[in-house]
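Report on the following structure.
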Amino acid sequence: MMKLLVNPADDRVVGAHMVGPEAGEIIQGIGVAMNAGATKTHFDQTIGIHPTAAEEFVTLREPRSN
């Protein structure tokens with residue numbers, strides 16, 4: 001289970017949630033990206049490393065409002 005929180009005004013990733021065994025390692029990298037000002041477009045332009053759980057963060061495509 002994972003999600004990215006994106007500010008629609010400027011496309012910046014402002015939060016991330018993940019539940020799973022690799023969550024600590026993966027969220028650490030997401031934190032660095034957020035601190036550097038990463039946008040959802042940056043995530044979308046990144047090639048995922050397959051097969052990994054982390055690749056899901058760069059393949060999230062459908063926005064949800066809830």
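We're numbering straight along the sequence, starting at 1. Hydrogens, waters and symmetry mates play no part in the numbers below; they use all other heavy atoms, side chains included.
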For V13 against T39, the heavy-atom pair lying closest together: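 Where V13 meets T39 most closely, the heavy atoms are CG2-C, 3.8 Å.
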Please report the shortest heavy-atom distance between A53 and E22, naming the atom on each side. CB-OE1, 3.9 Å
Separation of [Y] [atom2] from [X] [atom1] (nearest 0.5 Å):
X	Y	atom1	atom2	result
I27	E25	CD1	CD	11.0 Å
M1	M18	CE	CE	11.0 Å
H17	I30	NE2	CD1	12.0 Å
E56	L4	CD	CG	11.0 Å

Could you check whether any side-chain heavy atom of T52 comes within less than 4.5 Å of a side-chain heavy atom of F57, counting everything from C-beta outward?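 The answer is no, as the side chains (C-beta and beyond) never meet within the 4.5 Å cut-off.
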Summary of salt bridge (charged side-chain N to carboxylate O under 4.0 Å, His left out) pairs that have at least one residue in residues 5-19, sequence neighbours excluded: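 Those involving residues 5-19 do not exist here.
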For residues 27-42, pull every pair meeting salt bridge (charged side-chain N to carboxylate O under 4.0 Å, His left out), keeping only residues two or more places apart or in separate chains. K40-D44
